[in-house]
Amino acid sequence: MPELPEVETIVRELAPQLVGRTIRQVTLPRPDVLRGVTPARLRRTLTRGRIRAVTRRAKHAVFELASGARMVIQPRMTGSLMVHRRALSPADARYAVLTCRLDNGRLLVFRDVRRLGTISLLDRRGWTAYSARLGPEPLDAAFTVAVFADRLHGTRTAIKKAIMDQRRLVGVGNIYANEALFDAGIDPSRPAGRLSPDELTRLYDAIRDVLARAIASSGTTVRDYRTGTGAAGRFQFELRVYDRGGEPCRQCGRRLATTHAIDGRQTTLCWWCQR
DNA sequence: ACGAGGTCCTGCGAGC
DNA sequence: TGCTCGCAGGACCTCG
């Protein structure tokens, strides 16, 4: 599932192939993924649009056009973004949600099997408002441990749920929440506002470290995720807890436990190392 | 203000 | 073997 490192990887690979290109033709076989924009308006805005930048905000890929319009794509669970050199295979075409034919003949394709992903279209003002509703970027220099502590202050929500709340900080989903809490040695069910300054610092460091290491490995492929060139990520080989329920803890050797007690999401932890 | 739970969506694996 | 059922889960919604 694309979280911050996966979307960052996708965007870094797509940008050199897309920036400066003009969109010639748009096909939208699955318009139910659109949010706040009609198929006609998206087509009209994209067609003949020149791509000025491809960036990431939170877990979203942002395609900025010369007109100032931004198409924001959230891959969510099973979404992928790729540039194809030739016509799509039947398997790709089956799940294609949006296809943009470029002036060099290549195809930018948003593919999403489950279609929990979304596409929206924002003008400058809409983008400012959209971005303002999201929390700070955890890898930005402005995101200090003091900012992190402030974002968690006073809430009794489980710390795992809190760090996945995109209004508090962005980019952390289920995989990296599990990993960061293990790395920091913190029980995921602890009330967020009750963490000691030392625990907050450890978790802050763990979040930034795991995200940076995952970017260096081009993300985590457990099932569906592919990079912008179609390759699998490599961080699944570095995972310490996620998807490892029942297996031995890499730190103490005890059996890792999986629960669904926090927000109904799969949580894997070591009861010994995360007390 | 916050927490709990429902909704979207479809492939896959468990179980009978 | 072939079927049904429930799970995977990020963001957004409503209800209490």
Side-chain angles (χ1 to χ4, degrees), chain A residues 1-8 10 28-37 56-62 71-81 89-98 110-122 126 129-135 137-138 150-181 188-194 207 211 214 219-226 236 239 241-246 258-269:
Chain A
M1 65 206 81
E3 303 181 23
L4 185 153
E6 288 74 27
V7 179
E8 182 65 28
I10 289 168
L28 188 63
R30 299 286 198 165
D32 59 339
V33 302
L34 298 189
R35 294 292 181 276
V37 59
R56 178 193 60 76
R57 172 78 172 109
K59 306 173 189 174
H60 317 156
V62 184
M71 173 171 68
V72 179
I73 296 187
Q74 299 194 21
R76 302 252 180 114
M77 284 298 292
T78 53
S80 69
L81 283 158
S89 68
D92 283 332
R94 181 174 175 193
Y95 299 111
V97 160
L98 169 77
F110 176 43
R111 179 188 191 271
D112 191 357
V113 172
R114 276 183 220 165
R115 295 204 311 287
L116 290 175
T118 60
I119 302 175
S120 51
L121 185 69
L122 303 166
Y130 184 94
S131 190
R133 284 194 295 273
L134 293 166
E137 288 285 338
D150 181 59
R151 293 278 163 163
L152 300 175
H153 181 76
T155 183
R156 287 178 299 279
T157 304
I159 184 62
K160 184 185 176 222
K161 190 171 186 237
I163 60 174
M164 291 172 66
D165 181 344
Q166 303 297 296
R167 291 166 300 190
R168 298 184 195 275
L169 72 154
V170 300
V172 177
N174 201 33
I175 294 175
Y176 300 111
N178 276 290
E179 293 300 305
L181 285 159
S189 66
R190 292 271 305 284
R194 299 276 175 79
I207 288 171
L211 293 176
T220 303
T221 300
V222 174
R223 283 182 197 86
D224 303 274
Y225 163 70
R226 290 295 179 277
Q236 62 275 20
L239 294 175
V241 284
Y242 183 82
D243 211 31
R244 294 195 64 243
T258 295
T259 83
H260 291 82
I262 300 163
D263 207 28
R265 302 280 193 285
Q266 192 166 101
T267 300
T268 302
L269 73 160

Nearest-angstrom distance from the residue atom [atom1] of [X] to [atom2] of [N]:
X: Arg167(A); N: dG10(C); atom1: CZ; atom2: P; value: 15 Å
X: Ile119(A); N: dC12(C); atom1: CD1; atom2: P; value: 15 Å
X: Asp32(A); N: dA11(C); atom1: CG; atom2: P; value: 18 Å
X: Arg35(A); N: dC12(C); atom1: CZ; atom2: P; value: 9 Å
X: Asp263(A); N: dA8(C); atom1: CG; atom2: C1'; value: 14 Å
X: Asp243(A); N: dC7(C); atom1: CG; atom2: C1'; value: 14 Å
X: Lys59(A); N: dC12(C); atom1: NZ; atom2: P; value: 10 Å
X: Leu169(A); N: dG10(C); atom1: CG; atom2: P; value: 14 Å

With nearest nucleotides of DNA chain B determined for Arg114(A) and Gly154(A) from heavy-atom distances, which residue corresponds to the more 5′ nucleotide? Gly154(A)
By nearest-nucleotide position on DNA chain B, the 5'-leaning member of Arg115(A) and Thr155(A) is Thr155(A)
[X] near the nucleic acid: base, sugar-phosphate alone, or nothing, with a heavy-atom cut-off under 4.0 Å?
X: Glu3(A); result: nothing
X: Tyr130(A); result: nothing
X: Arg133(A); result: nothing
X: Arg76(A); result: base
X: Met77(A); result: base
X: Thr157(A); result: sugar-phosphate

Determine whether Val7(A) and His60(A) satisfy the following criterion, side chain to side chain contact (heavy atoms under 4.5 Å, CB included), listing intermediate values before the conclusion. CA-CA 7 Å; Val7(A) 179; His60(A) 317 156; 5.8 Å; no
Validation: residues 73-80 of chain A side-chain donor-acceptor distances under 3.5 Å, sequence neighbours left out:
from     : atom 1 : to        : atom 2 : distance (Å)
Gln74(A) : OE1    : Arg76(A)  : NE     : 2.9
Gln74(A) : OE1    : Arg76(A)  : NH2    : 3.2
Gln74(A) : NE2    : Tyr130(A) : OH     : 2.9
Arg76(A) : NH1    : Leu116(A) : O      : 3.3
Thr78(A) : OG1    : Asp112(A) : OD1    : 2.5
Thr78(A) : OG1    : Arg114(A) : N      : 3.0

Can you check whether Lys160(A) reaches Leu181(A) side chain to side chain, under 4.5 Å on heavy atoms? yes
Check: Leu98(A) and Met71(A) side chains under 4.5 Å, non-hydrogen atoms: yes
Classify the side-chain pair Arg35(A)/Thr118(A) by whether it contains a donor and acceptor separated by less than 3.5 Å. no
Can you confirm whether the side chains of Glu6(A) and Tyr176(A) place a donor and an acceptor under 3.5 Å from each other? yes
Given dA8(C), is OP1 or OP2 found less than 4.0 Å from the side-chain N or O atoms of Gln266(A)? yes
Does a side-chain N or O from His260(A) land closer than 4.0 Å to OP1 or OP2 of dC7(C), or not? no
Go through the N and O atoms of the side chain of Arg265(A) and the base of dA8(C), and report whether any donor-acceptor pair is under 3.5 Å. no
Counting neighbours of NE2 on His260(A) that are heavy atoms of other residues, nucleotides or ligands and sit closer than 6.0 Å, is the number greater than 12? yes
Show, in sequence, the C-alpha distance, side-chain angles and deciding distance for Met164(A) and Asp263(A), and conclude whether the side chain to side chain contact (heavy atoms under 4.5 Å, CB included) test is met. CA-CA 11 Å; Met164(A) 291 172 66; Asp263(A) 207 28; over 6 Å; no
At a heavy-atom distance below 4.0 Å, which nucleotide of DNA chain B is the first touched by chain A, and which is the last? dG3(B) to dG11(B)
